[in-house]
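Let me begin by presenting the structure, written as structure tokens, before commenting on it.
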Amino acid sequence: MTDFPIEPPVNHWNSERTVGLNSLELLAYRSNLLGTDRSVANWGGGNTSTKAVELDFRQRETPVLWVKGSGSDLATIRPHQFTALRMEDVLPLLERESMTDEELVAYYEHAVLKPGQPRASIETPLHSMLPFEHIDHTHPDAVITLCAIPSGRELAQRLWGGRAIWIDYERPGFALGKRIALRVRSQPDATCVLMAKHGLVTWGDSAEACYANTIKAIACAAEALADRADQRRIFAVGQHPPSIDESVLTLALPALRGAISQRRPMVLRADTGEKARAFASRPDVAEIASAGPACPDHLVHTKPWPLVVPPTSSLVELTDAFRSGVAQFERRYAEYVARHADSGVAMRDPAPRVVLVPGLGIITTGPDAAQAGIAAALYERAIAVLSASARLGGFDPLTESETFGVEYWPMELYKLSLLPPPKELAGQVALVTGAASGIGRAVAQRLAEAGAHVVIADRNSEGAKHVASELVSSQGPGRALAVDMDVTSESAVANAFAEAVRAYGGVDIVVSNAGISTSHPVEETSLNEWNLNLSVLGTGYFLVAREAFKVLRAQDHGGSVVFVASKNGLVGGRNASAYSSAKALEIHLARCLAEEGGAAGIRVNTVNPDAVLQGSSIWSSAWREQRAATYGIEPEQLEEHYRARTTLKVNVFPEDIAEAVLFFASSRSAKSTGNILNVDGGVVAAYSR
Ligand code: NAI
């Protein structure tokens, strides 16, 4: 069955793992098992429950319903993410005629066993009203497909006899829960509920039996679909070799990112794997992908339809297709919202979240790398359902008003509101050179804390990887990337930018910081030393800025370039003519580029550190000894020497420079370019150095 896009799931229950677990822990274990197979329960979708007896705040035994809290994911849910509702309070709801979502939420807030529990899922009625101890509600590819194809009802009848209850689409909430409960009551021999355009409900007497019933029902549907599938309509992986060059993609992605980021900066994620490419390259892709969504769960992160660009391998055509495609998509989306929104409903960002590129693959977008990944994971589910149903006579999508009802459903929007508010640099991408050490590392950390995704570029690749992994641990997956870059090598600089673009779609902030330092009286300065300074601090800054400008211009969305130069570039540093002159070159290059980038909104500013001794490798090298010799002091007296010559009597730290870089990198300095900010602790007489 390898050529059918939906595989039957496997029962992974391991009794050894469940020894000693209480009913809530068993529920979490069962939920995690369901969530690990995304064809069973996709990201954030589905919910599970167990009825148990717990002690209330007065130690009284209280029958409760443990149900998944809103906003959690079955794959990773932990016991504390479930909510216990008192059965005594939730059971009488079945007698009610109707309840709005708001009434339901308010009611559940009073029915909790303990204050401070997560909000109960809006699908709780189907758990509380069904008379079973353990209930799974999942969104399996196989069941969604089965319910969406023309022969679905007949196939379900053949598979389960009359023992599967079929429920036509209705938005989740009180009415749907009650409808299911009444149907199940009237049919005591039912074994599952098939919810059209939505999912599956299964149950059992024990956690293990419930899980087994879920897997069995899905496997049964998956096998039957594969048996029936039209063998002539196979779009095999491998039939579609890539027709778009990686280099074309690298040049075209920033144009797409710029077009998509009109309202807020977005991160792109390009999946050029065979599966994604095969789907995007289907001759019928526009038709099947644009009909409408198969399952409401995909909508919030994927939008009702993807943007499908026409096949081309030319850079100019692809770039145009991205720009005009996004504009058309946004118009279509705005019209769809206008057709359905009541007054007062604000349109959400109309830019596409999924872009299908024939000959290449699938690009997803998100306000950060994690959310671009979620869109990709959810769209993988859509691919399975769409490809499977294409071989089974097509699928019946949600209607446009059903789609809008879900996408703009206040309860769905509530889930999104649980996300923390966006940070200052959310969705932005920063590339920092020389970020494996000292000032560069502090800058990378500061920009990441402010929400940016940071590309750690350094010729010290081990150090760069270390910093990137520190940032991923503190900020989350996808938030940092280490790239090899010797700033003096034209090809290395171009490759590093290409890697950054392929990882995130572009860059917004480029901090040119890589540096070396040498110090000798002029008559002892070798030609090599002179050339080395010019090459790293002059040529290197030129090469990085040139690539930065190319990407920023392609994005057409402005940007910020920050040079980390030195006070020595303004004030001659005694016994450091090569270094100081190269730093002066840097400063002037920044001014020239500010002039050149202004019309495109590209700002170029300079931060001049002075005497940042802590954490810098420069100061652990010969530079320390040479500088100390220049002042006629011992190397270990340098800190004191520099502190003494500042009016503020302070030392300057890498974090101080990072704060200044953040100022220029962010919109706090939106109206400033070509400027220099000295971070020197308030030097009294710099010329005396
Ligand atoms: P650092 O030595 O701690 O870090 C410099 C980083 O640049 C290192 O990770 C190194 O591997 C990298 N690097 C060197 N050559 C490179 C190349 N060709 N390609 C790619 N990466 C390369 O030094 P620190 O103190 O953090 O310096 C950062 C910047 O600040 C430099 O431009 C330096 O001139 C400037 N600066 C530093 C001052 C200080 O007191 N630490 C004072 C004034 C300016």
Side-chain angles (χ1 to χ4, degrees), residues 431-446 455-468 482-493 495-497 510-519 531-544 547 562-571 573 576 578-587 589-590 606-624 626-627 638-639 641-643 646 651-658 660-661 676-681 683 686 689:
L431 184 147
V432 184
T433 72
S437 170
I439 292 171
R441 179 177 167 195
V443 167
Q445 282 168 338
R446 188 68 190 91
V455 181
I456 311 294
D458 206 293
R459 68 172 176 190
N460 170 1
S461 52
E462 282 314 304
K465 280 186 200 141
H466 180 72
V467 173
V483 297
D484 255 338
M485 185 204 269
D486 181 337
V487 297
T488 63
S489 155
E490 191 171 20
S491 59
V493 172
N495 288 342
F497 270 88
V510 174
V511 183
S512 217
N513 157 84
I516 44 126
S517 53
T518 63
S519 169
N531 284 339
L532 179 67
N533 277 286
L534 283 187
S535 130
V536 176
L537 305 174
T539 310
Y541 279 55
F542 151 71
L543 289 175
V544 169
E547 289 311 307
V562 185
F563 279 14
V564 177
S566 169
K567 270 296 273 288
N568 286 39
L570 292 179
V571 186
Y579 174 79
S580 305
S581 306
K583 284 290 179 187
L585 188 166
E586 251 184 52
I587 292 171
L589 175 61
T606 299
V607 174
N608 281 338
D610 192 27
V612 185
L613 280 67
Q614 312 269 315
S616 161
S617 321
I618 290 176
W619 291 94
S620 59
S621 66
W623 174 264
R624 177 181 275 267
Q626 288 154 354
R627 297 315 296 159
L638 270 174
E639 272 82 357
H641 170 82
Y642 282 120
R643 192 162 49 242
T646 74
N651 284 327
V652 182
F653 297 100
E655 292 68 27
D656 299 318
I657 312 303
V661 171
I676 298 174
L677 183 53
N678 296 319
V679 184
D680 52 13
V683 167
R689 24 211 279 120

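Just follow the structure's listing: the first ligand is 1, and inside any ligand the first atom is 1.
- Contact atoms of ligand 1 toward V564: 29 (C), 30 (O), 32 (O) (distance under 4.0 Å to a heavy atom of the residue).
- Partners of E655 by salt bridge (charged side-chain N to carboxylate O under 4.0 Å, His left out), not counting sequence neighbours: none found.
- By the criterion of a heavy-atom distance under 4.0 Å, the side chain of K583, and not its backbone, is placed next to ligand 1.
- Protein heavy atom at the shortest distance from atom 18 (N) of ligand 1 is D486 OD1, 3.0 Å.
- Residue W619 has at least one heavy-atom neighbour below 4.0 Å for each of these atoms of ligand 1: 39 (C), 40 (O), 41 (N).
- Residue contacts with ligand 1 for S517 are absent, since no atom lies close enough (heavy atoms, distance under 4.0 Å).
- For the residues D680, I618, V679, the heavy atom positioned nearest atom 27 (O) of ligand 1 is part of I618.
- Rounded to the nearest 0.5 angstrom, W623 CH2 and L613 CG are separated by 10.5 Å.
- With hydrogens and angles left out, the side-chain atoms of S581 and N533 include no donor and acceptor closer than 3.5 Å.
- In this structure, D610 and V652 have side chains that are not in contact, with every pair of non-hydrogen atoms separated by 4.5 Å or more.
- Close approach of ligand 1 to G438 (heavy-atom distance below 4.0 Å) involves ligand atoms 3 (O), 26 (O).
- Nearest protein heavy-atom neighbour of atom 43 (C) of ligand 1: P609 O, 3.3 Å.
- Among protein heavy atoms, the minimum distance from atom 24 (P) of ligand 1 is reached at S616 OG, 3.6 Å.
- In this structure, V661 and V564 have side chains that are in contact, with non-hydrogen atoms separated by less than 4.5 Å.
- Interatomic distance, CZ of R643 versus CG of N651, reported as 4.5 Å (0.5 Å rounding).
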Name every donor-acceptor pair, under 3.5 Å, that has one atom in a side chain of residues 437-445 and the other anywhere in the protein, sequence neighbours excluded.
unit_1: S437; atom_1: OG; unit_2: S617; atom_2: OG; d: 2.8
unit_1: R441; atom_1: NH2; unit_2: E470; atom_2: OE1; d: 3.4
unit_1: R441; atom_1: NH2; unit_2: E470; atom_2: OE2; d: 3.0

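- The CG atom of D680 lies 8.5 Å from the OG1 atom of T646; values are rounded to the nearest 0.5 Å.
- Which parts of ligand 1 touch Y541 is read off a 4.0 Å heavy-atom cut-off, strictly below it: atoms 32 (O).
- Once rounded to the nearest 0.5 Å, the distance linking CG of L431 with CE of M485 reads 5.0 Å.
- When hydrogens are left out, the protein atom nearest atom 41 (N) of ligand 1 is V612 O, 3.1 Å; that is the closest non-hydrogen contact.
- Protein heavy atom at the shortest distance from atom 34 (O) of ligand 1 is Y579 OH, 2.7 Å.
- Comparing V443, N533, N513 by heavy-atom distance to atom 32 (O) of ligand 1, the nearest is N513.
- Of all protein heavy atoms, the one lying nearest to atom 14 (C) of ligand 1 is G515 O, 3.4 Å.
- How far NE2 of H466 is from CD1 of I456: 11.0 Å, rounded to the nearest 0.5 Å.
- Between atom 35 (C) of ligand 1 and the options S566, G569, A565, S617, the minimum heavy-atom separation is to A565.
- Protein heavy atom at the shortest distance from atom 20 (C) of ligand 1 is M485 O, 3.0 Å.
- A side-chain donor-acceptor contact under 3.5 Å links N513 to the backbone of T433.
- For the pair Y541/K583, a side-chain contact is recorded, criterion being any heavy-atom separation below 4.5 Å from C-beta on.
- Which of V652, D458, V536, V511 comes nearest to atom 8 (C) of ligand 1 through a heavy atom is settled by distance: it is D458.
- Some N or O of S437 is nearer than 3.5 Å to an N or O of ligand 1, by distance alone.
- Closest protein heavy atom to atom 37 (C) of ligand 1: I439 CD1, 3.7 Å.
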